[in-house]
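One structure is given here, and the rest of the page talks about it.
As a basis for the values below, the full set of heavy atoms in this structure was taken, side chains included, without hydrogen atoms, waters or symmetry mates. Keep in mind that this is a model prediction, so the values were computed, not measured. Order of the sequence lines fixes the chain letters, A, B, ..., with proteins taken first and strands second; residue numbering starts at 1 for each chain.
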Amino acid sequence: MNRAPSRRALVIAYTILIFAALFAFYPVWFAILASGRLGDRLYTLNFAGMFFPTEWSWENYRVMLTEKPLLQWIRNSLYVAVTTSVASVLISTSAAFAVSRFRFYGRELMLVFLLAIQTFPGVLALVAVAQILTALGLYRSHEGLILAYTIGTLVFSTWNMKGYFDTIPIDLEEAAMIDGCGPLDSFIRVALPLAMPAVAVTALFGFMAGWGDFIFASVLIPAPDSMKLAVPGLFSMANDQSVPWGYFAAGGMVIVLPTLIVFLFLQRFLVGGLTVGGVKG
Amino acid sequence: MIGWSGRRKAFTLLLFIGPTLLGVLLLNVFPIVLSIYTSFTNRNKFHPNPDCSIFLNTLLDPICWPVFRANAPRGLAEPYSMVTPLYQNYVDLVGKLVSPSALQAFGLILLCFVPLLVAGYADRFYDRQMTRRVGSSTLWLVGLGAALLLAFALNISEAYNTLMSTGDFFVVVFRTVLFVALRVPLSFGLGLVLALILNMQPLPGRTFFRVVLFLPWATSSLAILMALVWQFFFREKGVINQILQMIGFDGYAWLSDPATAFAAIVITDVWFSYPFFMIVILGALQSVPKDVYEAADVEGARWWTQLTKITLPLIRPAILPATVLTSITAFQMFGTAWAITQGGPTRGAGQPGATEFVIVYAYKQIFQSQNYGRATAFAVILFLFLFAATLYSLRYTRITKGAYE
């Protein structure tokens with residue numbers, strides 16, 4: 001746990017880590033290998049080719065980066081995903097703070113209600129959502145997508161933040177309030193900095209919601225090419241005659257990169273220790 | 001809170017929760033209301049459009065709203081209307097489940113869970129006592145034994161067959177529940193173990209392992225591509241069979257056998273979903289103050305005791321919401337099963353396949369037969385079912401409590 005682990009514990013830990021890492025990485029490695037293979041196939045029946053780059057070529061990457069509007073799609077996706085992430089954090093942390101800290105009539109009802117609506121199958125709501133966004137004049141715009149994604153993440157983010165706020169001792173905020181902080185101040189200056197690990201998780205969740213979605217993005221922004229997001233843009237290259245798996249895999253690897261960068265940036269906040277010593281007794 | 005109430009309190013509250021409520025009303029609640037309305041109509045490919053002179057249509061169906069009125073589709077087809085009796089779509093779906101024999105079978109199966117419920121209540125009762133006379137594991141073992149005995153005595157397999165013959169609904173829901181019951185604990189367990197390891201101090205290479213283990217979630221934007229990669233692993237000439245042949249075994253058609261196809265979907269979906277748990281638990285672990293462990297060390301508590309008595313109870317409020325919500329999303333899993341098996345393998349035409357989970361079934365209903373009325377009725381039943389399950393889990397886990405209670 002948190003004290004220095006014994007040598008035996010470390011050996012077990014690294015064994016598990018290495019096996020888990022292989023499990024996590026091999027399918028991705030397989031896709032990377034496919035991205036360097038010419039032709040339209042995702043697979044190879046050559047045994048060595050399943051594990052090592054036997055026939056590597058950069059051709060798929062060259063086509064994706066220079067001949068297709070992949071970079072434009074990624075720019076669009078970045079705009080949508082980052083805005084979704086920020087909006088989701090802003091809206092859900094404040095709601096979660098209120099639900100965790102304030103006592104008001106209908107508080108539990110609201111929490112149950114949020115969870116209840118999440119149980120409705122999303123596929124069936126898609127048509128209605130598209131119609132409402134059209135009514136608001138947000139059809140075929142990135143802002144409409146941002147609205148849909150942000151609202152889509154609200155339930156999870158609010159619940160997750162609420163759970164985290166519940167584990168933070170309330171004494172610090174009470175002390176701040178005695179010193180003259182209002183509810184808004186004690187939220188921004190005391191609770192939020194303490195909740196950074198959960199904020200990082202919420203931000204990551206918002207980013208992934210905007211970055212990885214396929215259905216909403218393809219229904220709400222069917223055209224033109226320059227407006228599309230990365231994932232639907234990538235898959236829109238397929239047509240009835242052929243599915244260019246080599247291009248998909250190469251483009252996919254480029255699309256995954258920003259996610260990893262965002263994660264590398266956010267994972268620094270997955271470090272605790274701020275509350276240590278803040279509350280005694 | 002100190003010294004604020006009345007109008008000011010209401011205003012502050014609105015500031016905090018207003019945006020969430022507004023957004024949810026707009027894009028979550030309205031679609032649900034519209035779907036419930038549609039489930040009482042005969043909307044399908046022969047009756048696709050609303051009759052805008054009916055008040056309810058004007059109110060609920062966006063096609064009838066003033067902004068769309070001008071370019072509303074006016075086909076030759078008849079407009080849709082309410083069905084008579086109003087619940088006909090529901091009768092078509094689950095009608096056979098309400099027959100006496102099916103109800104009896106259902107009751108018998110429920111009866112088998114009674115010993116487990118009793119064990120649960122007894123366990124909680126003893127928890128509140130000062131001294132425990134009966135251990136928790138003994139109680140549960142006795143409950144489980146009684147449940148199995150009861151299942152044997154009441155001839156449960158026959159009851160199960162009766163229910164399975166009542167139509168697609170029960171079959172599909174049962175398989176989905178089984179899928180959730182396997183997939184969620186597996187990915188939770190894997191995520192928990194990895195998060196605990198990644199939280200050890202010191203751990204050289206921590207960032208490297210964090211990023212590699214996060215990869216499956218990072219590729220969720222390419223879910224279609226990755227699911228097809230996984231499909232290839234399980235194919236007849238795929239990676240698993242090739243490795244098996246290398247070491248002298250025969251290959252196996254994993255995706256043609258209902259049981260192994262089911263297992264393949266579970267494994268793939270665990271691969272997709274465990275990083276999410278890992279990250280959420282990793283975040284939650286940061287709220288555990290370190291001095292608690294120091295105290296436990298002084299008292300001589302072992303690693304396992306520290307895990308079950310300190311770590312898990314302390315992170316419980318932070319990870320329970322994620323677990324409940326993930327169970328809901330697992331119930332609605334679609335992409336993985338669709339990409340790998342398309343719901344198959346089936347025993348015969350027209351029967352749901354071994355991996356045809358609820359949303360796969362609903363998707364086929366909508367897009368292959370365009371039966372919106374039926375599909376929304378299906379969604380509403382699922383909604384009620386999941387809603388009840390969620391309410392129960394909330395009551396059981398008591399996670400709606402605030403920080404003050």
Side-chain angles (χ1 to χ4, degrees), chain A residues 1-2 5 13 17 20-21 24-25 27-28 30-31 43 45 47 50 91 94-95 98 100-101 103-104 108 111 115-121 124-125 128-129 131 135 151 154 156 159-160 163-164 166-167 170 177 183 197-198 201 211-212 231 248 252 255-256 259-260 263 267 270 272 275-276, chain B residues 2 12-13 16-17 19-20 23-24 27-29 31-32 34-35 62 65 67 194 197 200-201 209-210 212-216 218-222 225-226 228-229 232 237 239 242 279-280 282-283 286-287 289-290 293 306 317-318 321-322 325 328 332 359 379 383 386-387 390 400 402-404:
Chain A
M1 310 254 57
N2 281 305
L17 277 185
F25 185 61
V28 181
F30 193 90
Y43 314 124
L45 294 179
F47 188 69
M50 291 176 188
I91 298 176
S94 60
S100 171
R101 292 324 200 213
R103 277 182 287 188
F104 57 91
E108 286 203 27
L111 278 169
L115 210 51
I117 52 171
Q118 190 73 4
T119 60
F120 196 81
L124 291 158
V129 169
Q131 284 176 325
I151 294 173
L154 279 186
F156 168 77
W159 265 92
N160 188 45
Y164 198 86
D166 284 353
T167 65
I170 200 166
M177 293 201 135
V201 172
W211 190 262
V231 177
F248 279 12
I255 289 177
V256 167
T259 329
L260 289 182
F263 178 68
Q267 61 121 18
L270 292 177
T275 51
V276 174
Chain B
I2 305 148
T12 317
L13 253 183
F16 275 101
I17 63 173
T20 302
V24 161
L27 289 192
N28 286 16
V29 175
I32 294 177
L34 182 62
S35 296
W65 292 354
V67 251
L194 293 175
I197 293 176
M200 289 197 330
Q201 313 277 349
F209 279 113
R210 262 190 198 163
V212 171
L213 293 173
F214 166 75
L215 270 177
T219 60
S220 66
S221 45
L222 307 167
L225 185 79
M226 295 316 295
L228 286 171
V229 167
F232 178 70
K237 289 198 189 310
V239 175
Q242 296 241 10
I279 300 297
V280 170
L282 207 52
Q286 310 311 324
S287 73
K290 292 200 174 57
Y293 294 110
Q306 296 196 5
L325 281 162
I328 297 174
Q332 300 175 0
I359 300 297
F383 177 55
L386 281 178
F387 186 49
T390 312
T400 51
Y404 266 106

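- Closest approach of B/V229 to A/P27, counting heavy atoms only: CG1-O, 3.8 Å.
- When every heavy atom of A/V28 is checked against every heavy atom of B/M226, the shortest pair comes out as N-CE, 3.8 Å.
- Note on ring orientation: taking the six-membered ring where Trp is involved, the planes of A/F263 and B/F214 are parallel (angle under 30°, cut-offs 30° and 60°).
- Proximity of A/F120 to B/S35: side-chain heavy atoms (C-beta onward) are separated by under 4.5 Å at one or more points.
- Heavy-atom pairs under 4.5 Å with chain A were tallied for B/V29, B/L194, B/T219, B/V239; the largest tally goes to B/V239.
- Here the closest heavy-atom approach between residue A/P197 and residue B/G283 is recorded as CB-O, 3.8 Å.
- Only the side chain of A/I255 comes within contact range of chain B, judged by heavy atoms closer than 4.5 Å.
- Among the candidates B/V280, B/V24, B/L34, the residue making the largest number of heavy-atom pairs closer than 4.5 Å to chain A is B/V24.
- Of all the heavy atoms in A/T119 and B/L386, the pair that sits closest is O-CD1, 3.5 Å.
- For a residue to count as touching a neighbouring chain, one of its non-hydrogen atoms must lie under 4.5 Å from one of that chain's; by this rule B/L213 touches chain A with backbone and side chain alike.
- In terms of heavy-atom pairs under 4.5 angstrom with chain B, the leader among A/G252, A/G163, A/A20 is A/G163.
- Using a 4.5 Å cut-off between heavy atoms, A/L154 contacts chain B through its side chain alone, with no backbone atom that close.
- With contacts defined as side-chain heavy-atom distances shorter than 4.5 Å, the pair A/V201/B/L282 does not qualify.
- Heavy-atom pairs under 4.5 Å with chain A peak, among B/T20, B/V212, B/I359, at B/T20.
- Across B/F383, B/F16, B/F387, the residue that shares the most heavy-atom pairs under 4.5 angstrom with chain A is B/F16.
- Between B/Q332 and A/Q118, the shortest heavy-atom contact is NE2-O, 3.8 Å.
- For B/T390, the part lying near chain A is the side chain, with the backbone staying farther off; criterion is any non-hydrogen pair under 4.5 Å.
- Contact check for B/L215 versus A/F25: side-chain heavy atoms found under the 4.5 Å cut-off.
- In this structure, the side-chain hydrogen bond (donor to acceptor under 3.5 Å, both in side chains) partners of A/T167, at least two apart in sequence or on a different chain, are B/S287.
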